[in-house]
Amino acid sequence: MKASFPVNNMGFKRVRLDSTILIPRLDANLSTILAQYSTIFIKSYGNNNLATPSFRGTSAHHTIIEWNGITLNSPMLGQIDLSQLPVAQFQGVEILYGASGLSRTSGAFGGVINLKTNPDWNNFLHVSLSQTIASFNNYTTTLNAEVGNKNFQSHTRANFGTAKNNFPFYNDYSGQTEKLINGSYSQYGFSQDIFAKIKDRHLISARFWYNYSNREIPPLNTNIRPDHLEYQTNKSLRSLAEYTYIHRSLFVKISSSLINDYLHYINDSINAEHQYYSFTNRIRLDIIGIKRLTVKPGLDLSHDWVNSDAYNNQKQRNVLAGFIELIYKVTPAVTLSGLARAEVVDGKLMPFIPAIGVEYKPFSKINLSLSANLSRNYRYPSLNDLYWETWGNPELLPELSYGAEGGITWNWLNNSKRFFLEAELTGYYLLIQDMIVWSPSSASSAIWIPENISEVASRGIEAGINSTFAYWKSNLDLNVTYNFCKATYQKEINPNGSSFGKQLIYTPVHTLNASIRLERNRFYFSYLFNFTGRRYLGKENTEYMPGYNLSNIFLGKSFQLKDFNLSLQIEINNLFDLDYQSIAYRPMPGRNFGITIRGSFSRKSSQ
């Protein structure tokens, strides 16, 4: 059984979400998966609208989203909209908490979320097609075709979705039940992965992923006008080429990627186009066998260039980064790891980034590990922070963070291998200095500019437990995650304000996710529960959005005929028809339904 909380973590927390979680939700996007199966809070501006992560009390800028190790965050905004990442386009999710992402990149104070696509060398042919029909004229189609042998694999994926999104909601402002207007969207994507293996030592791969979306942006429920006009079009093309060499004592990976991203935004007064290119080259080495020492050096070189109607002219950024990670097995029970990273941005040497971690396994026959780490990190201002016309501030300093983390991870599989249990508990502390905040300028309250004026401390506890029970031709899975996060302002921004020691806006103190899945005779039932605590609307914490509980259920039946599988699934979201909002004045749908039919054909190469 595959653990979601790896015991061998070298002192740094990692969590895996595999295809068993993703396949039932191929019609969803990344924000839905993270909201239901992780401790990350998702700020959702509406159904299939803007969705951004809040990871350990940090902002969306402090969470890096990767696709097979390549950063997807926009160099303009410093973040990415999670609703634009359909689940149908990746096979697994790897979540790196805090300092565990430093070998990948800088600036991920909260962590790194990596979307993975990997070959199955035992696959001969796997084809699947699914169709979802859901409430509010929501239609989603996905296609996946994988073909190959033990030395070659080809993966093709496609997704297409449309929705009117005109759900009814009760408007507290008008006191009436209304239908959401200007909320429709359409999205489609296509990706192709090619993998070739030569004598089990050389792996060559090429990937590309095109995504298109056109969506209307609904108004706030305080300003609903029949003639409201606001929408945006996104086009993204991502490509990645990799070469990997695998030897008993040496691992080498060389990768090169190019991302082309285009956004066209229109409302009543703005018609703006923004386009950026990111070209990234990476080298990774693992040198093994130096007694009990493993050395992992790496080098990154990236170039971003942006053409935007919001900038005076084309803006560019060059980043050269080098790092080295050392893993030393002191004894069979104790492993030390250290990392040092240095970056040069546009010719300027950035703050030095060190991290040190320790892992201790007190028992040889029990899968239990204790881990701890200390780290320093920095985030360079986004291009919007620096160069946005009129309001950008080219004098901004990098943000700095200091972090500490400690945790325990344990798993157990009984002798009959029918019962598996794993649990983890982690405590963390994060201090962010020179945090960049957009606030009114001293010249005019109508002009907002970014400044290094905030200091934030985030501390909390994360807990998780997963279990699998297989008896009497039945399978029972239980998953629970809980996050306590106290993220407060440590520096008063407004001289006359009272924000010191108050919780950050839109950062819940408590979040909890739980799911249970029962399967028997190819019937299955899943119940998903999510609790999100109150979120404050201002720095003084005088107004807040109330906490809410959401429940979703899934019912399904699959039919197997040799290599062909047919499944039918019914889902009910927001089971108890809760009237709630994740973000103020942005209504969310009440009880809604979906039905999915999925067919697949699979055959292994050995057959």
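Heavy-atom basis, side chains included; hydrogens, waters and symmetry copies ignored. Quick caveat: nothing in here was measured; it's all calculated off a predicted structure.
- Taking every heavy atom of both residues into account, Ser186 and Thr162 meet most closely at CB-CG2, 3.8 Å.
- Ion pairing of Glu462 with Lys13 is present here, as a side-chain N (NZ or NE/NH1/NH2) and a carboxylate O approach within less than 4.0 Å.
- The side-chain tip of Arg376 does not point at the ring of Phe352 from less than 6.0 angstrom away and within 45° of straight on.
- For Pro218 against His228, the heavy-atom pair with the smallest separation is C-NE2, 4.0 Å.
- With 3.5 Å as the limit, one finds a donor-acceptor pair spanning the side chains of Thr117 and Asp193.
- Ring centroid separation for the pair Phe55 and Tyr97 comes in under the 6.0 Å cut-off.
- Using modelled atom types, one finds no donor on one side chain facing an acceptor on the other under 3.5 Å when comparing Gln79 with Ser74.
- Counting only heavy atoms from C-beta outward, the side chains of Ile64 and Ile113 never approach each other to under 4.5 Å.
- Between His61 and Phe109, the distance separating the two ring centers is not shorter than 6.0 angstrom.
- Side-chain atoms of Asn377 and Ser401 include no donor-acceptor pair closer than 3.5 Å.
- Counted by atom type alone, Gln316 and His303 present one or more donor-acceptor pairs between their side chains at under 3.5 Å.
- Ile42 and Leu34 make their closest contact through CD1-CB, 4.1 Å (heavy atoms, listed as atom of the first residue, atom of the second, distance).
- Across all non-hydrogen atoms, the minimal contact from Asn182 to Ile217 is ND2-O, 3.0 Å.
- For the residue pair Ser191 / Arg238, no side-chain donor-acceptor distance below 3.5 Å is found, with atom types taken as modelled.
- Counting all heavy atoms, side chain and backbone alike, Gly538 lies closest to Ile505 at C-CG2, 3.4 Å.
- Between Arg284 and Glu325 no salt bridge is recorded (no basic side-chain N to carboxylate O distance below 4.0 Å).
- Remark: Lys315 fails to qualify as a cation-pi partner of Trp305 under the 6.0 Å distance and 45° angle criteria applied to the six-membered ring.
- Aromatic pair Phe190/Tyr210: centroids not less than 6.0 angstrom apart.
- Looking at Tyr265 and Asn267, their side chains do bring a donor and an acceptor atom within 3.5 Å of each other.
- A donor-acceptor pair shorter than 3.5 Å cannot be found between the side chains of Asn211 and Ser236.
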Yes or no on side-chain contact (heavy atoms from CB on, under 4.5 Å) for Val437 and Asn452, after CA distance, side-chain angles and deciding distance? CA-CA 6 Å; Val437 176; Asn452 297 101; over 6 Å; no
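- Under the side-chain hydrogen bond (donor to acceptor under 3.5 Å, both in side chains) criterion, Gln503 pairs with no residue at all, not counting sequence neighbours.
- The ring-ring contact (aromatic ring centres under 6.0 Å, His included) analysis of residues 67-87, with sequence neighbours excluded, yields the pairs Trp67-Trp209.
- In this model, no donor atom of one side chain and acceptor atom of the other lie less than 3.5 Å apart for Ser184 and Asn165.
- One finds a salt bridge joining Arg341 and Asp300 here, because a Lys/Arg side-chain nitrogen approaches an Asp/Glu carboxylate oxygen to under 4.0 Å.
- Side chains of His62 and Glu399: a donor-acceptor N/O pair is present below 3.5 angstrom, by distance only.
- Across every non-hydrogen atom of Pro53 and Ile40, the tightest pair is CB-CG2, 3.8 Å.
- A donor-acceptor contact closer than 3.5 angstrom links the side chains of Ser83 and Asp81.
- Ring-plane geometry between Tyr245 and His247 is classed as parallel, the angle between the planes falling under 30 degrees on a 0 to 90 degree scale with a further cut at 60.
- Partners of Asp268 under the side-chain hydrogen bond (donor to acceptor under 3.5 Å, both in side chains) rule, at least two apart in sequence or in another chain, are Arg225.
- Remark: the Tyr378 side chain and the Glu343 side chain contain an N/O donor-acceptor pair separated by less than 3.5 Å.
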